[in-house]
Amino acid sequence: MTRIRVRFAPSPTGPLHIGGARSALFNYLLAKKEGGDFIVRIEDTDRDRSTPESEENIKQSLLWLGIRWNEGVDIGGPYAPYRQMERLDTYRQAAQQLLQSGDAYYCYCSEEEIEAQREELIAKGETPRYLGNCRNLTEEERGQKEKEGRRPVIRLRVPDDVELVIDDLVRGKVVFSSSEIGSDFVIVKSDGIPTYNFAVVVDDYLMKISHVVRGEEHLSNTPRQLLLYKALGWETPVFAHVSLILGEDRSKMSKRHGSVSVVNYQNEGYLPEALVNFLVLLGWSPEGERELYTLDELEKVFSLDRVSKSPAVFDMNKLRWINAQYLHVLPTETIAEGISPFLPAGWSKERKLLLAQTLAHHLEIFADVRNYLSLIEGADVAIEDEETGQLLDQEHVPALIALFEAKISEMEELAPEAIKAAIKECGKELGVKGAGLFMPLRIALTGNQHGPDIDKLAALMGKDIILARLALRK
RNA sequence: GGCGCGUUGGAGAAGCGGCUGAACUCACCAGCCUUUCACGCUGGCAUUCAGGGGUUCGAAUCCCCUACGCGUCACCA
């Protein structure tokens with residue numbers, strides 16, 4: 001068995017997508033599990049859409065998730081460079097080989113001509129395709145076109161009726177016919193830059209990639225690539241096409257579905273270990289009943305044969321739940337830091353810590369802290385519903401509120417412990433306890449029957465707000 | 001439209017011909033506990049595996065057809 005070498009090959013045309021992140025994760029885990037190499041290669045051959053910012057974002061997101069490559073961009077390796085635009089010579093050579101063997105040829109048709117042909121075919125009710133106009137150009141014809149200043153593309157000569165079999169690790173045997181490809185496709189654009197299908201093949205082969213694990217959207221590209229491998233006389237890697245991640249409406253996850261970039265989740269205060277855990281469960285399932293795994297653990301238990309063929313819907317609920325599992329066990333200091341970006345400016349460290357402590361088990365993601373701010377800020381309180389309001393109508397309530405108000409007024413320091421003691425004193429003096437004691441105060445102060453510890457909330461409110469809110473209930 | 005892939009509860013899924021009278025998790029619903037609240041705990045939630053045929057003593061599991069969903073058909077990746 002040769003060494004496992006896998007790669008994640010994003011095109012830097014936007015931030016790292018959730019689906020891309022999962023592909024990267026699966027590749028990474030496979031490499032780790034098998035003690036192989038994980039390579040990151042940048043496919044930046046789309047000059048119009050590729051940007052350095054996107055590349056940066058993708059790398060940052062991978063690192064944030066804890067996915068590190070041991071070969072590839074930035075860190076180099078034995079098959080450098082790992083950015084396709086820096087490998088143009090390599091593709092040129094491969095293209096030369098194909099030209100010489102006659103498997104590829106120059107095509108001088110302009111985009112307008114191709115477009116006109118397409119429309120003509122459509123008008124006749126036929127499938128639009130390239131008809132091979134330049135397939136058999138003579139030397140003179142070529143010279144003529146060159147003289148006209150036309151910049152040719154290079155096309156691969158697609159044979160008729162060749163059976164192309166993909167032995168896919170997740171989908172099994174998938175058979176295509178070369179005839180289904182339709183027409184001779186472009187492998188080198190007129191500006192000399194290779195197209196995706198050509199560049200992947202060259203790189204995957206030259207970089208000795210053993211397993212190509214990628215999204216299912218690439219399955220129908222694979223026959224073209226197979227043809228290329230064949231023409232070049234190269235052995236193919238093993239393929240594994242992982243099913244797509246769908247949005248709630250069951251179509252491929254895209255911007256319409258809300259946050260699709262890893263960086264969005266980072267900004268919303270999700271924890272990387274939670275995202276990783278959630279992502280791995282989309283399309284892969286562990287053997288036992290346990291679902292919570294750290295990256296380290298996944299590196300040991302992951303395997304391709306437990307990858308599902310059917311697409312998975314991205315379920316925000318579950319992501320949040322998983323995030324909560326990781327968040328709830330974090331030290332208070334870490335939670336305080338995590339919620340910090342969602343707090344108004346000027347909060348002291350102590351205040352953040354107290355809030356973190358108060359909300360520790362109420363937050364699913366850090367950004368949730370925003371929902372709790374109204375609980376402790378502002379003099380206004382809205383009673384959540386009628387039933388809640390009625391709890392304030394009990395006979396002992398006015399006296400309770402008055403007594404509590406008096407005690408608070410006298411206090412200098414409003415620490416949670418002191419407030420709790422005050423509440424208990426109220427109870428003792430008035431002969432109420434339990435729900436009859438805490439509930440009216442909670443409702444008077446927050447308007448809700450449910451919520452975080454009332455003594456801590458009150459401490460966070462501070463004297464003025466407590467008094468102001470109590471005043472509303474008199 | 002051609003080609004390809006898929007279809008187990010609202011979501012993720014297990015299941016690989018009998019031990020499944022379909023695990024487990026999220027969500028949802030109900031209840032319980034608690035000198036507040038939450039966390040939590042307990043229970044409920046597919047008489048059935050898209051539908052229809054077949055093969056078999058026996059099928060969610062194998063075969064065929066239909067339906068539906070998605071993907072893909074660029075000088076984008």
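The chains referred to below are lettered A, B, ... by the order of the sequence lines, with proteins before strands, and numbering in each begins at 1. Everything numeric here is computed off the predicted structure, so don't read it as measured data.
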Check every strand shown and say whether [X] touches a base, only sugar-phosphate, or nothing at a heavy-atom separation below 4.0 Å.
{"X": "A/N317", "result": "sugar-phosphate"}
{"X": "A/D455", "result": "nothing"}
{"X": "A/G182", "result": "nothing"}
{"X": "A/H328", "result": "nothing"}

Check A/D160 against A/S179 and note the closest heavy-atom contact, atom names and distance.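 Heavy-atom minimum between the residues: C-OG, 4.0 Å.
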Applying ring-ring contact (aromatic ring centres under 6.0 Å, His included), can you list everything that pairs with A/F366, at least two apart in sequence or on another chain?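 So A/F366 forms no ring-ring contact (aromatic ring centres under 6.0 Å, His included) with any residue.
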Give me the residues of [range] where at least one heavy atom lies under 4.0 Å from an atom of RNA chain B, by number, or none.
{"range": "residues 396-406 of chain A", "result": "none"}
{"range": "residues 238-253 of chain A", "result": "A/L244, A/R250, A/S251, A/K252"}
{"range": "residues 303-314 of chain A", "result": "A/R306, A/K309, A/S310, A/P311, A/A312, A/V313"}
{"range": "residues 273-295 of chain A", "result": "A/L281, A/L282, A/G283, A/S285, A/E289, A/E291"}

What interatomic distance, in whole Å, is found between C1' of B/rU55 and the corresponding atom of B/rA60?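 Between the two C1' atoms, the distance is 16 Å.
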With both distances under 3.5 Å as the test, what is the Watson-Crick or G-U wobble partner of B/rA11?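 Check on B/rA11: paired to B/rU25, both distances under 3.5 Å.
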Answer yes if the ring centres of A/F278 and A/Y270 are under 6.0 angstrom apart, and no otherwise.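 They do not qualify: ring centres at least 6.0 Å apart.
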Provide the start and end nucleotides, 5' to 3', of the part of RNA chain B that has atoms under 4.0 Å from heavy atoms of chain A.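 So the contact region on RNA chain B extends B/rC3 to B/rA77.
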